[in-house]
Amino acid sequence: MALLLKNAHIVDPSVNLDGVADVAIEGDRITAVGENLAVEGAEVIDLSGKYLVPGLVDMHVHLRDPGYEHKGDIVSETRAAAKGGMTGVCSMPNTDPVTDNGVAVEYVKSVAAAKGHCRVYPSGAITKGLKGEIISEMGDMVAHGCVAFTDDGRGIQGAGMLRRAMDYGKMFGKVFMSHCQDEDLVGEGQINEGAVSTRLGLLGWPAEGEELQIQRDITIARLTGAKLHIQHISTARGLEMVRAAKAEGLPVTCEATPHHLFLTEDAIDETYNTSLKVNPPLRTAADAEALREGVADGTVDAIVTDHAPHADWEKSREFELAPFGMIGIEGSLALVLTNLVKTGKITYQRMVELMSIAPRRILGVDEVKIEAGSLADITVFDPEIRWTIGEDGFESRAHNCGFTGTEVCGRATDVFVGGKATLRDGVVC
(Lines give C-alpha, C1' and ligand atoms only; values in the text may rest on other atoms or scores of the structure.)
Protein backbone atom coordinates (compact mmCIF):
# COMPACT_ATOMS: atom_id res chain seq x y z
CA MET A 1 0.00 0.00 0.00
CA ALA A 2 1.16 3.53 -0.78
CA LEU A 3 1.88 5.89 2.09
CA LEU A 4 1.37 9.63 2.24
CA LEU A 5 3.18 11.41 5.04
CA LYS A 6 1.52 14.80 5.44
CA ASN A 7 2.55 18.14 6.95
CA ALA A 8 5.95 17.16 8.35
CA HIS A 9 8.77 19.66 8.76
CA ILE A 10 11.33 18.09 6.43
CA VAL A 11 15.04 18.70 7.03
CA ASP A 12 17.52 17.34 4.50
CA PRO A 13 20.55 19.53 3.79
CA SER A 14 21.64 17.24 0.95
CA VAL A 15 18.73 18.51 -1.15
CA ASN A 16 18.33 21.92 0.54
CA LEU A 17 15.03 21.03 2.18
CA ASP A 18 13.96 22.79 5.37
CA GLY A 19 10.22 23.33 5.56
CA VAL A 20 6.79 21.77 5.80
CA ALA A 21 5.84 19.42 2.98
CA ASP A 22 4.39 15.98 2.18
CA VAL A 23 6.18 12.76 1.22
CA ALA A 24 4.60 10.04 -0.91
CA ILE A 25 5.95 6.48 -0.74
CA GLU A 26 5.24 3.53 -3.03
CA GLY A 27 6.93 0.23 -2.24
CA ASP A 28 10.41 0.91 -0.93
CA ARG A 29 10.87 4.27 -2.68
CA ILE A 30 9.87 7.89 -2.25
CA THR A 31 7.73 8.85 -5.26
CA ALA A 32 7.08 12.52 -4.60
CA VAL A 33 7.92 15.36 -2.22
CA GLY A 34 5.91 18.57 -2.22
CA GLU A 35 3.02 20.56 -0.81
CA ASN A 36 -0.59 19.40 -0.84
CA LEU A 37 0.17 16.00 -2.36
CA ALA A 38 -2.69 13.58 -2.97
CA VAL A 39 -2.29 9.88 -3.72
CA GLU A 40 -5.37 7.81 -4.46
CA GLY A 41 -5.72 4.82 -2.14
CA ALA A 42 -2.74 5.76 0.01
CA GLU A 43 -2.66 5.47 3.79
CA VAL A 44 -2.43 9.04 5.04
CA ILE A 45 -0.39 9.79 8.16
CA ASP A 46 -0.59 13.33 9.55
CA LEU A 47 2.79 14.39 10.95
CA SER A 48 1.92 17.95 11.87
CA GLY A 49 4.35 19.37 14.41
CA LYS A 50 6.90 16.64 13.73
CA TYR A 51 10.21 16.60 11.89
CA LEU A 52 10.99 14.19 9.04
CA VAL A 53 14.61 13.47 8.12
CA PRO A 54 16.64 10.92 6.14
CA GLY A 55 16.76 7.77 8.26
CA LEU A 56 19.30 7.93 11.08
CA VAL A 57 22.25 5.51 11.09
CA ASP A 58 24.37 4.56 14.11
CA MET A 59 27.70 3.39 12.73
CA HIS A 60 29.03 1.87 15.96
CA VAL A 61 26.78 -0.73 17.61
CA HIS A 62 27.39 -4.03 19.39
CA LEU A 63 24.59 -6.48 18.61
CA ARG A 64 26.33 -9.31 20.58
CA ASP A 65 25.06 -11.91 18.13
CA PRO A 66 26.44 -14.54 17.64
CA GLY A 67 27.87 -15.80 20.90
CA TYR A 68 26.75 -13.35 23.56
CA GLU A 69 23.00 -13.55 23.30
CA HIS A 70 22.64 -13.32 27.08
CA LYS A 71 23.61 -9.65 26.65
CA GLY A 72 21.50 -8.96 23.56
CA ASP A 73 20.92 -10.24 20.06
CA ILE A 74 20.12 -8.96 16.60
CA VAL A 75 16.39 -8.92 17.31
CA SER A 76 16.49 -7.15 20.68
CA GLU A 77 19.13 -4.60 19.76
CA THR A 78 17.58 -3.67 16.41
CA ARG A 79 14.31 -3.19 18.33
CA ALA A 80 16.25 -0.76 20.52
CA ALA A 81 17.61 0.91 17.38
CA ALA A 82 14.12 1.38 15.94
CA LYS A 83 12.90 2.81 19.25
CA GLY A 84 15.75 5.30 19.08
CA GLY A 85 14.83 6.37 15.55
CA MET A 86 17.51 4.43 13.67
CA THR A 87 16.94 2.96 10.23
CA GLY A 88 20.36 1.31 10.16
CA VAL A 89 23.29 0.30 12.34
CA CYS A 90 26.84 -0.85 11.67
CA SER A 91 27.52 -3.95 13.76
CA MET A 92 30.90 -4.52 15.41
CA PRO A 93 32.79 -7.80 14.84
CA ASN A 94 33.79 -8.71 18.42
CA THR A 95 31.31 -11.58 18.56
CA ASP A 96 31.91 -15.30 19.19
CA PRO A 97 32.95 -16.48 16.71
CA VAL A 98 34.55 -13.23 15.63
CA THR A 99 33.14 -11.75 12.44
CA ASP A 100 36.35 -12.24 10.47
CA ASN A 101 35.14 -14.22 7.42
CA GLY A 102 32.34 -14.27 4.89
CA VAL A 103 30.30 -16.92 6.68
CA ALA A 104 30.10 -14.80 9.83
CA VAL A 105 29.16 -11.71 7.83
CA GLU A 106 26.47 -13.70 6.04
CA TYR A 107 25.06 -14.88 9.38
CA VAL A 108 24.64 -11.32 10.64
CA LYS A 109 23.09 -10.17 7.37
CA SER A 110 20.68 -13.10 7.06
CA VAL A 111 19.40 -12.93 10.63
CA ALA A 112 18.98 -9.17 10.39
CA ALA A 113 17.10 -9.50 7.10
CA ALA A 114 14.78 -12.15 8.52
CA LYS A 115 14.17 -10.82 12.02
CA GLY A 116 15.71 -7.37 12.40
CA HIS A 117 13.91 -4.05 12.89
CA CYS A 118 16.41 -1.93 10.96
CA ARG A 119 19.13 -2.39 8.37
CA VAL A 120 22.35 -3.95 9.66
CA TYR A 121 25.61 -3.10 7.94
CA PRO A 122 28.20 -5.60 9.22
CA SER A 123 31.79 -4.55 9.81
CA GLY A 124 34.50 -7.18 9.68
CA ALA A 125 37.57 -7.71 11.82
CA ILE A 126 40.91 -6.46 10.49
CA THR A 127 42.73 -9.46 11.96
CA LYS A 128 41.71 -13.05 12.56
CA GLY A 129 40.16 -13.50 15.97
CA LEU A 130 40.93 -9.85 16.80
CA LYS A 131 44.38 -11.09 17.83
CA GLY A 132 46.36 -8.58 15.80
CA GLU A 133 48.52 -11.26 14.22
CA ILE A 134 47.09 -12.39 10.85
CA ILE A 135 45.04 -10.42 8.33
CA SER A 136 41.41 -11.52 8.21
CA GLU A 137 39.60 -12.78 5.12
CA MET A 138 38.91 -9.25 3.92
CA GLY A 139 37.99 -10.05 0.32
CA ASP A 140 35.62 -12.80 1.38
CA MET A 141 33.90 -10.49 3.85
CA VAL A 142 33.52 -7.70 1.29
CA ALA A 143 32.03 -10.17 -1.18
CA HIS A 144 29.39 -11.01 1.42
CA GLY A 145 28.54 -7.41 2.31
CA CYS A 146 31.05 -6.19 4.89
CA VAL A 147 31.10 -2.37 4.85
CA ALA A 148 34.18 -1.59 6.99
CA PHE A 149 37.12 -3.15 8.81
CA THR A 150 37.79 -2.78 12.54
CA ASP A 151 39.27 -4.67 15.48
CA ASP A 152 36.94 -2.72 17.74
CA GLY A 153 37.16 -3.72 21.36
CA ARG A 154 40.90 -3.56 21.62
CA GLY A 155 42.61 -2.18 18.53
CA ILE A 156 45.72 -3.38 16.70
CA GLN A 157 48.80 -3.06 18.88
CA GLY A 158 51.49 -3.59 16.25
CA ALA A 159 52.17 -0.69 13.88
CA GLY A 160 53.63 -3.05 11.30
CA MET A 161 50.54 -5.24 11.47
CA LEU A 162 48.27 -2.24 10.89
CA ARG A 163 50.40 -1.13 7.93
CA ARG A 164 50.21 -4.56 6.30
CA ALA A 165 46.45 -4.71 6.82
CA MET A 166 45.94 -1.23 5.37
CA ASP A 167 48.25 -1.85 2.43
CA TYR A 168 46.34 -5.01 1.60
CA GLY A 169 42.83 -3.99 2.53
CA LYS A 170 42.75 -0.59 0.83
CA MET A 171 42.15 -2.34 -2.52
CA PHE A 172 38.58 -3.01 -1.36
CA GLY A 173 37.86 0.68 -0.84
CA LYS A 174 36.51 0.20 2.68
CA VAL A 175 37.25 2.40 5.67
CA PHE A 176 39.46 1.19 8.54
CA MET A 177 37.77 2.05 11.83
CA SER A 178 40.27 2.31 14.64
CA HIS A 179 39.77 1.64 18.34
CA CYS A 180 42.75 3.62 19.67
CA GLN A 181 44.16 2.06 22.83
CA ASP A 182 47.80 1.45 23.65
CA GLU A 183 47.30 -1.56 25.90
CA ASP A 184 50.81 -1.43 27.34
CA LEU A 185 50.25 2.14 28.55
CA VAL A 186 46.61 1.73 29.57
CA GLY A 187 47.28 -1.50 31.47
CA GLU A 188 44.47 -2.32 33.87
CA GLY A 189 43.13 1.24 33.84
CA GLN A 190 39.48 1.60 34.84
CA ILE A 191 38.63 5.30 34.52
CA ASN A 192 40.34 8.46 33.34
CA GLU A 193 43.64 9.01 35.15
CA GLY A 194 43.36 12.08 37.36
CA ALA A 195 41.82 13.42 40.52
CA VAL A 196 38.69 11.25 40.32
CA SER A 197 40.60 7.99 39.85
CA THR A 198 42.85 8.93 42.77
CA ARG A 199 39.94 9.82 45.06
CA LEU A 200 38.05 6.62 44.26
CA GLY A 201 41.10 4.36 44.41
CA LEU A 202 40.67 3.12 40.85
CA LEU A 203 43.49 2.48 38.42
CA GLY A 204 43.86 5.37 36.00
CA TRP A 205 43.63 5.27 32.20
CA PRO A 206 45.75 8.12 30.82
CA ALA A 207 44.47 10.12 27.89
CA GLU A 208 47.82 9.46 26.24
CA GLY A 209 46.86 5.78 26.00
CA GLU A 210 44.33 6.84 23.37
CA GLU A 211 46.21 9.74 21.83
CA LEU A 212 49.38 7.79 21.02
CA GLN A 213 47.44 5.42 18.79
CA ILE A 214 45.40 8.18 17.19
CA GLN A 215 48.64 9.82 16.07
CA ARG A 216 50.16 6.48 15.05
CA ASP A 217 47.14 5.46 13.00
CA ILE A 218 46.97 8.83 11.25
CA THR A 219 50.64 8.43 10.37
CA ILE A 220 50.05 4.96 8.94
CA ALA A 221 47.02 6.19 7.00
CA ARG A 222 49.31 8.84 5.47
CA LEU A 223 51.85 6.13 4.64
CA THR A 224 49.39 3.71 3.05
CA GLY A 225 46.69 5.97 1.64
CA ALA A 226 43.97 3.95 3.38
CA LYS A 227 40.80 5.59 4.68
CA LEU A 228 40.89 5.93 8.48
CA HIS A 229 38.03 6.54 10.90
CA ILE A 230 38.82 7.17 14.58
CA GLN A 231 36.21 5.54 16.77
CA HIS A 232 34.70 7.05 19.95
CA ILE A 233 37.22 9.88 20.26
CA SER A 234 37.30 11.19 23.82
CA THR A 235 40.12 13.71 24.31
CA ALA A 236 40.77 17.29 23.22
CA ARG A 237 44.30 16.52 22.06
CA GLY A 238 43.11 13.55 20.06
CA LEU A 239 40.57 15.77 18.35
CA GLU A 240 43.30 18.27 17.50
CA MET A 241 45.25 15.47 15.80
CA VAL A 242 42.22 14.65 13.65
CA ARG A 243 41.70 18.33 12.88
CA ALA A 244 45.31 18.61 11.71
CA ALA A 245 44.99 15.46 9.59
CA LYS A 246 41.90 16.86 7.88
CA ALA A 247 43.71 20.16 7.22
CA GLU A 248 46.50 18.14 5.60
CA GLY A 249 43.97 16.54 3.29
CA LEU A 250 44.27 13.02 4.67
CA PRO A 251 41.24 10.67 4.38
CA VAL A 252 40.60 10.77 8.14
CA THR A 253 37.24 11.01 9.91
CA CYS A 254 36.10 10.55 13.51
CA GLU A 255 33.06 9.93 15.66
CA ALA A 256 31.96 10.89 19.17
CA THR A 257 29.42 9.33 21.52
CA PRO A 258 26.75 11.05 23.63
CA HIS A 259 28.44 9.79 26.80
CA HIS A 260 31.75 11.42 25.87
CA LEU A 261 29.94 14.59 24.82
CA PHE A 262 27.55 14.97 27.76
CA LEU A 263 29.09 13.05 30.68
CA THR A 264 32.45 13.46 32.38
CA GLU A 265 34.60 11.62 34.91
CA ASP A 266 32.90 13.71 37.63
CA ALA A 267 29.73 11.62 37.15
CA ILE A 268 31.60 8.66 38.69
CA ASP A 269 31.33 8.85 42.47
CA GLU A 270 31.34 6.70 45.59
CA THR A 271 28.39 4.68 44.30
CA TYR A 272 30.74 3.16 41.71
CA ASN A 273 28.02 3.05 39.05
CA THR A 274 29.37 0.49 36.58
CA SER A 275 27.13 1.79 33.80
CA LEU A 276 29.61 4.68 33.67
CA LYS A 277 32.53 2.32 33.07
CA VAL A 278 33.19 2.68 29.36
CA ASN A 279 36.06 2.24 26.91
CA PRO A 280 37.56 4.77 26.38
CA PRO A 281 36.65 6.21 29.77
CA LEU A 282 34.69 9.34 30.51
CA ARG A 283 37.18 12.20 30.38
CA THR A 284 37.37 15.72 31.84
CA ALA A 285 34.89 18.56 31.44
CA ALA A 286 37.44 20.32 29.21
CA ASP A 287 37.63 17.27 26.94
CA ALA A 288 33.83 17.07 26.66
CA GLU A 289 33.62 20.76 25.82
CA ALA A 290 36.28 20.35 23.13
CA LEU A 291 34.31 17.48 21.60
CA ARG A 292 31.13 19.57 21.55
CA GLU A 293 33.06 22.32 19.79
CA GLY A 294 34.33 19.70 17.34
CA VAL A 295 30.77 18.61 16.64
CA ALA A 296 29.78 22.21 15.94
CA ASP A 297 32.75 23.11 13.74
CA GLY A 298 32.72 19.93 11.64
CA THR A 299 35.81 18.19 13.02
CA VAL A 300 33.64 15.42 14.44
CA ASP A 301 31.98 13.71 11.48
CA ALA A 302 29.41 11.46 13.16
CA ILE A 303 27.62 10.93 16.45
CA VAL A 304 27.40 7.26 17.39
CA THR A 305 26.58 5.37 20.57
CA ASP A 306 29.03 2.45 20.88
CA HIS A 307 25.86 0.74 22.14
CA ALA A 308 27.25 -2.07 24.34
CA PRO A 309 24.69 -4.29 26.08
CA HIS A 310 25.71 -6.36 29.10
CA ALA A 311 23.68 -8.63 31.36
CA ASP A 312 22.62 -7.17 34.71
CA TRP A 313 24.75 -9.65 36.64
CA GLU A 314 27.84 -8.69 34.68
CA LYS A 315 27.46 -5.02 35.52
CA SER A 316 26.48 -5.78 39.13
CA ARG A 317 29.99 -6.91 40.04
CA GLU A 318 32.76 -4.84 41.60
CA PHE A 319 33.81 -1.92 39.41
CA GLU A 320 37.15 -3.53 38.51
CA LEU A 321 35.45 -6.77 37.43
CA ALA A 322 32.51 -5.29 35.52
CA PRO A 323 32.87 -5.13 31.72
CA PHE A 324 33.28 -1.83 29.89
CA GLY A 325 30.38 -0.33 27.98
CA MET A 326 26.90 1.19 28.19
CA ILE A 327 23.77 1.04 26.07
CA GLY A 328 22.69 4.26 24.43
CA ILE A 329 20.90 3.82 21.12
CA GLU A 330 17.41 4.50 22.50
CA GLY A 331 18.35 7.89 23.93
CA SER A 332 20.97 9.26 21.56
CA LEU A 333 18.62 11.29 19.37
CA ALA A 334 16.97 12.84 22.42
CA LEU A 335 20.31 13.67 24.02
CA VAL A 336 21.55 15.38 20.85
CA LEU A 337 18.31 17.33 20.47
CA THR A 338 18.32 18.36 24.14
CA ASN A 339 21.98 19.26 24.57
CA LEU A 340 23.03 20.46 21.12
CA VAL A 341 20.04 21.47 18.98
CA LYS A 342 17.79 23.02 21.62
CA THR A 343 20.73 24.95 23.08
CA GLY A 344 21.64 26.39 19.70
CA LYS A 345 24.99 24.63 19.58
CA ILE A 346 24.07 23.01 16.24
CA THR A 347 21.18 23.25 13.79
CA TYR A 348 18.76 20.52 12.74
CA GLN A 349 20.64 20.43 9.45
CA ARG A 350 23.93 19.71 11.22
CA MET A 351 22.23 17.00 13.29
CA VAL A 352 21.08 15.28 10.09
CA GLU A 353 24.61 15.48 8.71
CA LEU A 354 26.05 13.92 11.89
CA MET A 355 23.49 11.18 12.36
CA SER A 356 22.37 10.30 8.84
CA ILE A 357 24.39 11.68 5.92
CA ALA A 358 27.98 11.33 7.19
CA PRO A 359 27.63 7.79 8.60
CA ARG A 360 26.37 6.54 5.23
CA ARG A 361 29.12 8.39 3.40
CA ILE A 362 31.89 7.03 5.64
CA LEU A 363 30.57 3.47 5.40
CA GLY A 364 30.05 3.76 1.66
CA VAL A 365 26.43 2.58 1.76
CA ASP A 366 23.58 3.90 -0.38
CA GLU A 367 22.65 7.55 0.10
CA VAL A 368 19.18 8.38 1.36
CA LYS A 369 17.58 11.69 0.44
CA ILE A 370 14.11 13.08 0.86
CA GLU A 371 13.46 13.25 -2.86
CA ALA A 372 11.65 11.23 -5.51
CA GLY A 373 13.45 8.00 -6.37
CA SER A 374 15.33 7.69 -3.10
CA LEU A 375 15.08 4.70 -0.80
CA ALA A 376 12.32 5.35 1.74
CA ASP A 377 14.41 5.11 4.90
CA ILE A 378 12.87 7.84 7.04
CA THR A 379 12.98 8.96 10.66
CA VAL A 380 10.20 11.07 12.15
CA PHE A 381 10.52 12.70 15.56
CA ASP A 382 8.60 15.05 17.79
CA PRO A 383 11.05 17.65 19.12
CA GLU A 384 8.79 18.61 22.01
CA ILE A 385 8.11 15.26 23.70
CA ARG A 386 9.55 15.33 27.21
CA TRP A 387 10.52 12.04 28.77
CA THR A 388 12.97 10.41 31.16
CA ILE A 389 15.49 7.89 29.86
CA GLY A 390 14.87 4.45 31.33
CA GLU A 391 11.64 5.39 33.07
CA ASP A 392 9.60 3.05 30.86
CA GLY A 393 12.32 0.42 30.56
CA PHE A 394 14.32 -0.38 27.43
CA GLU A 395 13.72 -2.32 24.24
CA SER A 396 17.31 -3.52 24.56
CA ARG A 397 17.80 -6.71 26.50
CA ALA A 398 20.27 -4.80 28.68
CA HIS A 399 19.78 -1.98 31.16
CA ASN A 400 23.32 -0.61 31.59
CA CYS A 401 22.61 2.95 30.50
CA GLY A 402 24.65 5.75 32.02
CA PHE A 403 21.89 8.26 31.25
CA THR A 404 19.13 6.46 33.17
CA GLY A 405 17.01 9.06 34.97
CA THR A 406 18.02 11.92 32.64
CA GLU A 407 15.17 14.15 31.51
CA VAL A 408 15.30 14.89 27.78
CA CYS A 409 13.23 16.59 25.10
CA GLY A 410 12.50 15.03 21.70
CA ARG A 411 11.80 11.46 20.66
CA ALA A 412 11.33 9.37 17.52
CA THR A 413 7.68 8.60 16.81
CA ASP A 414 7.78 6.87 13.43
CA VAL A 415 10.47 5.04 11.48
CA PHE A 416 10.23 3.61 7.98
CA VAL A 417 12.80 1.23 6.49
CA GLY A 418 12.33 0.68 2.78
CA GLY A 419 8.85 2.10 3.13
CA LYS A 420 7.87 -0.35 5.88
CA ALA A 421 7.11 0.91 9.37
CA THR A 422 9.41 -0.30 12.12
CA LEU A 423 8.14 2.28 14.62
CA ARG A 424 4.61 3.71 14.64
CA ASP A 425 3.43 6.24 17.22
CA GLY A 426 6.42 5.33 19.39
CA VAL A 427 5.74 1.58 19.34
CA VAL A 428 8.19 -0.84 17.68
CA CYS A 429 6.53 -2.79 14.89
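Bear in mind that the values here come from a model prediction, so they are computed numbers and not experimental data. The basis for the numbers below is simple: all heavy atoms, side chains too, and nothing from hydrogens, waters or symmetry mates.
Proximity of His260 to Ile233: side-chain heavy atoms (C-beta onward) are nowhere separated by under 4.5 Å. Between Tyr348 and Leu337 the shortest side-chain heavy-atom distance falls below 4.5 Å. Taking 4.5 Å as the limit, some side-chain heavy atom of Ile378 sits within range of a side-chain heavy atom of Ile25. Residues Gln349 and Val11 meet the side-chain proximity criterion, which asks for heavy atoms closer than 4.5 Å. Two residues are said to be in side-chain contact when any heavy atoms from C-beta on lie closer than 4.5 Å; Arg119 and Leu375 meet this criterion. Looking only at side-chain heavy atoms (C-beta outward), Ile303 and Leu340 come within less than 4.5 Å of each other. Residues Ile268 and Gln190 have side chains not in contact (no heavy-atom distance under 4.5 Å, counting atoms from C-beta outward). In this structure, the side chains of Glu293 and Leu239 stay at 4.5 Å or more apart for every pair of heavy atoms.
Side chains of Thr235 and Glu211: a donor on one and an acceptor on the other come within 3.5 Å. In summary, the side chains of Ser14 and Glu367 do not present any donor paired with an acceptor at a separation below 3.5 Å, with no hydrogens or angles considered. Checking Asp297 against Thr299 by side-chain atom types alone, a donor-acceptor pair falls below 3.5 Å. Asp306 and Thr257 are not linked by any side-chain donor-acceptor pair at a separation below 3.5 angstrom, with hydrogens and angles left out of the test. In summary, the side chains of Thr413 and Asp382 do not present any donor paired with an acceptor at a separation below 3.5 Å, with no hydrogens or angles considered.
Evaluation of the side-chain hydrogen bond (donor to acceptor under 3.5 Å, both in side chains) test over residues 101-111, restricted to residues two or more places apart or in two chains, returns Asp65-Tyr107, Glu106-His144. Applying the side-chain hydrogen bond (donor to acceptor under 3.5 Å, both in side chains) test to residues at least two apart or on different chains, the pairs with a partner in residues 194-209 are Glu208-Arg237.
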### Message
Go through it in stages, so that I can follow the logic: the residues are Arg222 and Glu248, the test is side-chain contact (heavy atoms from CB on, under 4.5 Å), and I'd like the CA-CA distance, side-chain angles, deciding distance and then a yes or no.
### Response
CA-CA 10 Å; Arg222 181 189 299 114; Glu248 188 182 335; 2.7 Å; yes

### Task
Starting from the C-alpha separation in whole Å, work towards a yes-or-no answer on side-chain hydrogen bond (donor to acceptor under 3.5 Å, both in side chains) for Glu395 and His117.
CA-CA 11 Å; Glu395 292 290 342; His117 296 268; over 6 Å; no

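For the atom pair CD1 of Ile218 and SG of Cys180, the computed distance is 8.0 Å after rounding to the nearest 0.5 Å. The CG atom of Asn339 sits 11.0 Å away from atom SG of Cys409, with the distance rounded to the nearest 0.5 Å. Between the CG atom of Leu162 and the CG atom of Leu228 there is a distance of 8.0 Å, given to the nearest 0.5 Å. Going from atom CG of Asp217 over to atom CZ of Phe176 covers 11.0 Å, rounded to the nearest 0.5 Å. To the nearest 0.5 Å, atom CE of residue Met59 and atom CE of residue Met92 are 7.5 Å apart. Here the CG atom belonging to Asn279 is positioned 4.5 Å from the CD atom belonging to Gln181, to the nearest 0.5 angstrom.
Of the possible donor and acceptor atoms, one in the side chain of Lys227 sits under 3.5 Å from a partner among the backbone N and O of Gly173. Using a distance-only test at 3.5 Å, with no hydrogens or angles considered, no donor-acceptor pair links the side chain of Thr264 to the main chain of Ala285. A distance-only check finds no donor-acceptor pair linking the side chain of Ser374 to the backbone of Ile370 [under 3.5 Å]. Asp12 places no side-chain N or O within 3.5 Å of a backbone atom of Val53 that could act as its donor or acceptor partner. Using a distance-only test at 3.5 Å, with no hydrogens or angles considered, no donor-acceptor pair links the side chain of Glu330 to the main chain of Ala80. Here the side chain of Thr338 pairs a donor or acceptor atom with the backbone of Ala334 at under 3.5 angstrom. For the pair Asn94 (side chain) and Gly153 (backbone), a donor-acceptor distance under 3.5 Å is absent. No donor-acceptor distance shorter than 3.5 angstrom exists from the side chain of Asp377 to the backbone of Val417, with no hydrogens or angles considered. In terms of modelled atom types and a separation under 3.5 Å, the side chain of Glu188 and the main chain of Leu203 share no donor-acceptor contact. Side chain of Thr78 to backbone of Ala81: no donor-acceptor contact under 3.5 angstrom is found.
Heavy-atom minimum distance, Cys90 versus Val147: SG-CG2, 4.0 Å. Heavy-atom minimum distance, His229 versus Thr253: ND1-OG1, 2.7 Å. Minimum interatomic distance between Gly209 and Val186 (heavy atoms only, all atoms of both residues): CA-CG2, 3.9 Å. When all heavy atoms of Leu56 and Thr379 are compared, the pair lying nearest together is N-OG1, 3.1 Å. Residues Arg350 and Gly298 approach most closely at NH2-CA, 3.3 Å, considering heavy atoms. Ser123 and Pro93 make their closest contact through OG-CD, 3.3 Å (heavy atoms, listed as atom of the first residue, atom of the second, distance).
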Pair up each side-chain donor or acceptor in residues 396-403 with any protein partner under 3.5 Å, not counting sequence neighbours, and list the distances.
{"unit_1": "Ser396", "atom_1": "OG", "unit_2": "Glu77", "atom_2": "OE1", "d": "2.7"}
{"unit_1": "Ser396", "atom_1": "OG", "unit_2": "Glu77", "atom_2": "OE2", "d": "3.4"}
{"unit_1": "Ser396", "atom_1": "OG", "unit_2": "Ala398", "atom_2": "N", "d": "3.0"}
{"unit_1": "Arg397", "atom_1": "NH1", "unit_2": "Glu69", "atom_2": "O", "d": "2.6"}
{"unit_1": "Arg397", "atom_1": "NH1", "unit_2": "Asp73", "atom_2": "OD2", "d": "3.3"}
{"unit_1": "Arg397", "atom_1": "NH2", "unit_2": "Asp73", "atom_2": "OD2", "d": "3.0"}
{"unit_1": "His399", "atom_1": "ND1", "unit_2": "Asp312", "atom_2": "OD1", "d": "3.1"}
{"unit_1": "His399", "atom_1": "ND1", "unit_2": "Asp312", "atom_2": "OD2", "d": "3.4"}
{"unit_1": "Asn400", "atom_1": "OD1", "unit_2": "His310", "atom_2": "N", "d": "3.2"}
{"unit_1": "Asn400", "atom_1": "ND2", "unit_2": "Ala308", "atom_2": "O", "d": "3.0"}
{"unit_1": "Asn400", "atom_1": "ND2", "unit_2": "Gly325", "atom_2": "O", "d": "3.1"}

Give the table of side-chain donor-acceptor pairs shorter than 3.5 Å for residues 351-366, with sequence neighbours excluded, one pair per line with atom names and distance.
{"unit_1": "Glu353", "atom_1": "OE2", "unit_2": "Arg361", "atom_2": "NH1", "d": "3.2"}
{"unit_1": "Glu353", "atom_1": "OE2", "unit_2": "Arg361", "atom_2": "NH2", "d": "3.1"}
{"unit_1": "Ser356", "atom_1": "OG", "unit_2": "Pro54", "atom_2": "O", "d": "3.2"}
{"unit_1": "Ser356", "atom_1": "OG", "unit_2": "Gly55", "atom_2": "O", "d": "3.1"}
{"unit_1": "Ser356", "atom_1": "OG", "unit_2": "Arg360", "atom_2": "NH1", "d": "2.9"}
{"unit_1": "Arg360", "atom_1": "NH1", "unit_2": "Gly55", "atom_2": "O", "d": "2.7"}
{"unit_1": "Arg360", "atom_1": "NH1", "unit_2": "Ser356", "atom_2": "O", "d": "3.4"}
{"unit_1": "Arg360", "atom_1": "NH2", "unit_2": "Gly55", "atom_2": "O", "d": "2.9"}
{"unit_1": "Arg360", "atom_1": "NH2", "unit_2": "Thr87", "atom_2": "OG1", "d": "3.3"}

List the atom pairs, donor and acceptor, that lie under 3.5 Å between side-chain atoms in residues 129-143 and the rest of the protein, sequence neighbours left out.
{"unit_1": "Ser136", "atom_1": "OG", "unit_2": "Ala125", "atom_2": "O", "d": "2.6"}
{"unit_1": "Ser136", "atom_1": "OG", "unit_2": "Ile126", "atom_2": "O", "d": "3.1"}
{"unit_1": "Asp140", "atom_1": "OD2", "unit_2": "Gly102", "atom_2": "N", "d": "2.9"}

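Here Glu384 pairs with Lys342 in a salt bridge; the nearest charged N to carboxylate O distance falls below 4.0 Å. The pair Asp392-Lys83 fails the salt-bridge criterion, with no side-chain N (NZ, NE, NH1 or NH2) lying under 4.0 Å from an Asp/Glu carboxylate O. Taking a cutoff of 4.0 Å between a charged side-chain nitrogen and a carboxylate oxygen, Glu318 and Lys277 do not qualify as a salt bridge.
The aromatic rings of Phe172 and Tyr168 stand perpendicular to each other, their planes meeting at an angle above 60°, with 30° marking the opposite boundary.
Exactly one residue among Leu276, Thr305, Leu335, Val278 makes a side chain to side chain contact (heavy atoms under 4.5 Å, CB included) with His259. That residue is Val278.
Every residue two or more places apart in sequence or in another chain that forms a side-chain hydrogen bond (donor to acceptor under 3.5 Å, both in side chains) with Asn192 is listed here: Glu265, Arg283.
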